[in-house]
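Have a look at the structure below before the remarks.
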2 protein chains.
Amino acid sequence: MMDLDGPEPLYIQIAGILRRRIADGTYPPRSKIPSAEALRAEFGVSRVTAVNAVGILLNEKLVQGVVGKGTYVSEPPETSGED
Amino acid sequence: MMDLDGPEPLYIQIAGILRRRIADGTYPPRSKIPSAEALRAEFGVSRVTAVNAVGILLNEKLVQGVVGKGTYVSEPPETSGED
DNA sequence: CCTCATTTGTTCGTATGTATA
DNA sequence: TTATACATACGAACAAATGAG
């Protein structure tokens, strides 16, 4: 289980960790990130806290949630020319 | 509709009621217990809460779930000699 | 083979109540 | 009072499996 002991709120810390995993390709575009239940188990927090963490990424449009299916990593925005 | 108003969580109370019904033979071995939808109606809770209650019995191996069919009461464990 | 209804099990998103700082 | 965190609970939606027809 992941250790969280920084000064920041848990949901902020977890959001940061997930954001990093998206950036470094651990969770590639269109892939499904772990469920709220899985995040709850991984980080040792309540499900609500896991949901709130993912909620930050939803707000940033880094991921998209689909009820009954899961939460998926968004397509990266086109920078200018994809060359 | 069954009344639940104890201090314990609904899913714990419902699991206790179902456990008692198995013990007293209301739901005999190999019989099918009511579906999640039927439990939802009987106890006046959400389907998820009914599923969670049954999940406790699944964890205790008192029942076995079969997707598409139902949830069945397990065989009672052999005590020593089945005399 | 296909469609429909039922059923288990999972998932997201939200709301409420409690406790803590 | 506000922010955080937890457990509980609900509704909606989805997948997979089963069985009827």
Side-chain angles (χ1 to χ4, degrees), chain A residues 1-19 21-22 27-75, chain B residues 1-19 21-22 27-75:
Chain A
M1 196 243 284
M2 179 55 110
D3 237 40
L4 301 171
D5 59 320
E8 287 184 319
L10 295 179
Y11 72 102
I12 301 283
Q13 293 183 57
I14 294 171
I17 292 168
L18 299 180
R19 203 184 291 106
R21 290 180 183 173
I22 292 172
Y27 304 145
R30 287 178 305 286
S31 72
K32 185 156 75 168
I33 72 171
S35 71
E37 166 59 25
L39 294 174
R40 184 202 64 68
E42 178 182 5
F43 294 105
V45 297
S46 74
R47 183 178 167 270
V48 175
T49 296
V51 168
N52 287 341
V54 174
I56 294 177
L57 307 188
L58 282 168
N59 217 273
E60 296 171 352
K61 314 262 184 158
L62 283 178
V63 296
Q64 280 144 0
V66 183
V67 173
K69 291 194 66 177
T71 301
Y72 298 85
V73 179
S74 305
E75 296 283 355
Chain B
M1 194 243 286
M2 179 53 114
D3 239 40
L4 301 172
D5 59 321
E8 286 184 321
L10 297 178
Y11 72 103
I12 301 283
Q13 293 184 57
I14 294 171
I17 291 168
L18 299 181
R19 204 184 291 108
R21 289 181 183 171
I22 291 171
Y27 303 146
R30 286 177 306 285
S31 71
K32 186 156 74 168
I33 72 171
S35 70
E37 166 58 24
L39 294 174
R40 184 204 63 71
E42 178 181 6
F43 295 105
V45 297
S46 74
R47 186 179 164 270
V48 175
T49 295
V51 168
N52 286 342
V54 174
I56 293 177
L57 307 188
L58 283 169
N59 218 272
E60 297 171 353
K61 313 261 184 157
L62 283 178
V63 296
Q64 279 143 1
V66 182
V67 172
K69 290 194 68 176
T71 302
Y72 297 85
V73 179
S74 304
E75 295 284 354

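Convention: sequence-line order gives letters A, B, ...; per-chain numbering from 1. Small disclaimer: the values here were computed from a predicted structure and weren't measured.
At D:dT8, one or more side-chain N or O atoms of B:Tyr11 fall inside 4.0 Å of OP1 or OP2 (strictly under the cut-off). Put simply, A:Thr49 has a side-chain N or O that comes within less than 4.0 Å of OP1 or OP2 on D:dC6.
Heavy-atom distances to DNA chain C give each of A:Val48 and A:Ser35 a nearest nucleotide, and the one nearer the 5′ end belongs to A:Ser35. In terms of position along DNA chain D, the nucleotide closest to A:Val66 lies nearer the 5' end than the nucleotide closest to the other residue of the pair A:Val66 and B:Lys69.
As a whole-Å value, the separation of B:Glu37 CD from D:dT18 C1' is 18 Å. Atom OH in A:Tyr72 sits about 11 Å away from atom P in D:dC14, given to the nearest Å. In this structure, the CD atom of B:Glu8 is 11 Å from the P atom of D:dT8, given to the nearest Å. Between the CG atom of B:Asn52 and the C1' atom of D:dC10 there is a distance of 11 Å, rounded to whole Å. Whole-Å rounding puts the B:Leu39 CG to C:dG9 P distance at 12 Å. Atom CD1 of B:Ile56 and atom P of C:dG9 are 13 Å apart (whole Å). Atom CZ in B:Phe43 sits about 17 Å away from atom C1' in D:dC10, given to the nearest Å. One atom, CZ of A:Arg40, and another, C1' of D:dC6, lie 12 Å apart when rounded to the nearest Å.
For A:Leu58, taking side-chain heavy atoms from C-beta onward, the closest of the listed nucleotides C:dG13, D:dA5, D:dA9 is C:dG13. Here D:dA12 is the nucleotide among D:dA12, D:dC10, D:dC6 with the atom lying nearest to any side-chain atom of A:Val67. Relative to the side chain of A:Pro9, the nucleotides D:dC10, C:dT11, D:dT4 differ in distance, and D:dT4 lies closest. Distances from the side chain of B:Arg47 to the nucleotides C:dC12, C:dT10, D:dA7 place C:dT10 closest.
The heavy-atom pair separating B:Val54 from B:Leu39 by the smallest distance is CG2-CD1, 3.6 Å. For A:Ser46 against A:Arg40, the heavy-atom pair with the smallest separation is C-CG, 3.7 Å. In plain terms, the two heavy atoms of B:Arg21 and B:Glu42 that are nearest each other are NH2-OE2, 2.8 Å.
Using a cut-off of 4.0 Å between Lys/Arg side-chain N and Asp/Glu carboxylate O, A:Glu37 and A:Arg47 are scored as not salt-bridged.
In this structure, the side chain of A:Gln13 engages the main chain of A:Glu8 through a donor-acceptor pair within 3.5 Å.
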